[in-house]
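Computed over heavy atoms, backbone and side chain alike; hydrogens, waters and symmetry mates excluded. We're numbering straight along the sequence, starting at 1. It should be emphasised that the depicted structure is a prediction, and the values quoted were computed from it without experimental measurement.
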Amino acid sequence: MGTVPVSVFIVAVFVSVVMRRLSFEAAIPSTVDGPFKPVTVPLDKSFRGHAVDLPDNDPRVQRIVTGWEPEQIFVSLSSTHDSVWISWITGEFQIRENIKEMDPKTVGSVVKYGRWRFGMTKTAMGHSLVYSQLYPFKGLQNYTSGIIHHVRLTGLKPNTLYYYQCGDPSIPAMSDVHYFRTMPASGPRSYPGRIAIIGDLGLTYNTTSTVDHLMSNHPNLVLLIGDASYANLYLTNGTGADCYSCAFSDTPIHETYQPRWDYWGRFMQPLVSKVPLMMIEGNHEIEEQIEKKTFAAYSARFAFPSEESGSSSTFYYSFNAGGIHFVMLGGYADYNKSGDQYQWLKKDLAKVDRKVTSYTYTAHYREAECMRVAVEDLLYKYGVDIVFNGHVHAYKRSNRVYNYNLDPCGPVHITIGDGGNREKMAITHADEPGNCPKPSTTPYKFMGGFCAFNFTSGPASGKFYWDRQPDYSAYRESSFGHGILEVKNETHALWTWYRNQDAYGTTGDVVYIVRQPDRCPVEPD
C-alpha cells in the first residue's frame, strides 16, 4: 500500500501539540503513513522483570480495616456519562474445608455522594451478594467471600468531580472520603483525556511497577483486558507456581487460592477507588469449581453495565466514554452468528453514531481463530478502528489489517498482555524457526471448535504460519508495560506504549491511529 495523503493542517496541528506535551523530537508517525515495515525489538536478556508474586504479608495486600468497614473499593462506568457503579467488600473471607456463607443482608449497601463544594447530600442504595468457590474433593480448602456491594449512582453531570463515601451509616461503618470524575458527555469533540489499557496484570512486583507507571500518566479511565489476579496459579492451600500444569499436574481439579482476589482488590484500591476500571474476562478468570461452575469471582466482584447496554451477560457489554464507544467482547461466551453475543454485537454496532470504536478479545497464536472468523466481517463492516487484546504476555501492534491482509480500512490490532503477571513474558514468535505449533494444537479448548487452517493467499499461502514476521505486524517487543489512548478528534487518536524498565514519561512505541471516513465509509444495513 502506498502512502495516503492527508490534510496537512490537521497533521501539523496535532504533531505540534503532542511535541510540546511529550517533548518528542521527531514527528509522530500515523497509520496513513503505513503500512509500516515489520519491526521486532530484540529481547533484552538482562531484563526479565520481577515476575514474583507479592506475599500475603506485604502491607499492600493486607486487610487494614476493622469490623464492617468497606475495603477493595472500586469505581466502574455505566453505559453513559450520567451513571457510575461503586463497589466494595465488607467482612472477612473464609477459607477452610467447612465454610458458612455470610448473609448479604447483614450490612447495608449505601453511598453518600455529591459534587465538589456542594457536599455529599445525595444517597444511593444498591444490592449485595457473596460467592463461594467449592471443591468436591476431600482435603481441598473451600472459600466464601466477604459481602460484595454494588451501588449505581445516577443523574450525574458530565466531566464533573464527585466525592463519595460507601458503607452502612446505620452501624456506623463508612469508608473514608474518595472521589471520581465522570466521563464527558457523548458527542464529537468530547473525549476523556487519557485511557490506560492493561492486560494480564497479576499481582507481582512487576505489577506494582506497571501500576506505578500507569498512575504517573494520570489516566481518566482504565481498561483491563482480561486476567486480573491469577488466583488460579495456586492450590487451595496457598502454594503457587509460575506454571500450574507443570507443577500440579496430578490435582483432580484445577484449584485456585481465592484470597489472591482479595489481595489484588486491596492493592488496586488506591487507583480504582478514584479512576473507573472496566474489566473483561480472560482465561485466568475461568476458575472451575463444583458442578463445573465457572467465572464466579469475576461475575461477583465487578460491576458491569450489561443491563444498561442491552446485554444479558457479564461476558460482553458496551459503554460510552465521551465520544468513544467501547465494545467489550468475551471469548468465553458463544460468539457464533446464531448466538446471543453475536446478535447483541450486531445491534450494538448498528446503534453507534460513528466515532471511534474499540473492542476486546483474547488469543494465543490463532487459538481464537473461530471467534475471528465469526465476528471480523461484522467489525469491518461497521468501521471498528482499534482491537485490543491480551493473553499473550508481550506487546504487539499491527498495521491496519483485515483477514490477515493489509487493508487501509481494517482495524489496528494491539496486544497488551504485558501487565506483569507471574507467568512471565512471551519471548518466542511462531514465525521463528522451530516455533510454529501444529494446527492440531490450536483448537479453542474452552469454547470448542477448530478454525485455524493454512493460509490461502499471500507469502504464507499453503502454510500454517509465516516464515518471517508477517507484513501485517508493525511492531512487537517482549517487555512489561501499559498503553495510553488519547482520542484527539473524530479522526485522530494517539496511542502510546510505555515500558516498565524506562523512566517515567519515556515512550516505547507511539503512533497516531487515523480514521479516513471518506476512504472507508461505514455502510450499515
Residues [X] and [Y] bridged, charged N to O under 4.0 Å:
X	Y	result
D56	R260	no
D262	R301	yes
K105	D103	no
D431	R476	yes

Legend entry - Backbone N/O of G322 and side chain of S186: donor-acceptor pair under 3.5 Å: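 Answer holds: yes.
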Inset, instruction - Mind telling me whether W88 and H149 have parallel, tilted or perpendicular rings, with 30° and 60° as the class edges? - result: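 H149 and W88: parallel rings.
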Inset, instruction - Look at the rings of Y230 and H284 and say which category their plane angle falls in: under 30° parallel, 30 to 60° tilted, over 60° perpendicular. - result: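 Judged by the thresholds at 30° and 60°, the geometry between Y230 and H284 is tilted.
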[X] side, atom [atom1]; [Y] side, atom [atom2] - distance, nearest 0.5 Å:
X	Y	atom1	atom2	value
L235	F248	CG	CZ	4.0 Å
Y342	L329	OH	CG	11.5 Å
S309	K347	OG	NZ	13.0 Å

Legend entry - Selection residues 245-254 - residue pairs positive for salt bridge (Lys or Arg N to Asp or Glu O under 4.0 Å), sequence neighbours left out: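 Residue pairs with at least one partner in residues 245-254: there are none.
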Inset, instruction - Determine which pairs satisfy salt bridge (Lys or Arg N to Asp or Glu O under 4.0 Å) with at least one residue from residues 64-77, sequence neighbours left out, and list them in order. - result: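 Checked against salt bridge (Lys or Arg N to Asp or Glu O under 4.0 Å) - neighbours excluded - the pairs reaching residues 64-77 are R63-E71, E71-R266.
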Legend entry - Non-hydrogen atoms of V384 and P411 that approach each other most closely: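 Shortest heavy-atom contact: O-CB, 3.5 Å.
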Inset, instruction - Quick one: closest heavy-atom pair of Q62 and N57, and the distance? - result: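 Heavy-atom minimum between the residues: NE2-CA, 3.5 Å.
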Legend entry - Single hit among Q289, K293, E101 for side chain to side chain donor-acceptor pair (under 3.5 Å) with S132: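 Running side chain to side chain donor-acceptor pair (under 3.5 Å) over Q289, K293, E101 with S132 returns exactly one hit, E101.
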Inset, instruction - For a side chain to side chain donor-acceptor pair (under 3.5 Å) with T256, tell me which candidate from Y244, Y143, Y135 qualifies. - result: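 Between T256 and the candidates, side chain to side chain donor-acceptor pair (under 3.5 Å) is satisfied uniquely by Y135.
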Inset, instruction - Indicate, with yes or no, if the rings of F180 and Y162 have centres closer together than 6.0 Å. - result: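 Here the rings of Y162 and F180 have centres that are less than 6.0 Å from each other.
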Inset, instruction - Compute the centroid of each ring, for F315 and then for Y332, and state whether the two points are separated by less than 6.0 Å. - result: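 When the ring centroids of F315 and Y332 are compared, they turn out to be at least 6.0 Å apart.
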Legend entry - Distance-only side-chain donor-acceptor flag, N237 / Y257, under 3.5 Å: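 Note: N237 and Y257 side chains miss the donor-acceptor criterion.
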Legend entry - Partner residues of D509 under the salt bridge (Lys or Arg N to Asp or Glu O under 4.0 Å) criterion, sequence neighbours left out: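 Once residues adjacent in sequence are excluded, the partners of D509 under the salt bridge (Lys or Arg N to Asp or Glu O under 4.0 Å) criterion are R397.
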Inset, instruction - Please determine if R422 forms a cation-pi arrangement with Y234, meaning its NZ or CZ atom is less than 6.0 Å from the six-membered ring centre and no more than 45° off the ring axis. - result: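 Verdict for Y234: a cation-pi partner in R422.
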Legend entry - Residue E307 excluded, over 12 heavy atoms near CD under 6.0 Å: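 Result for CD/E307: open.
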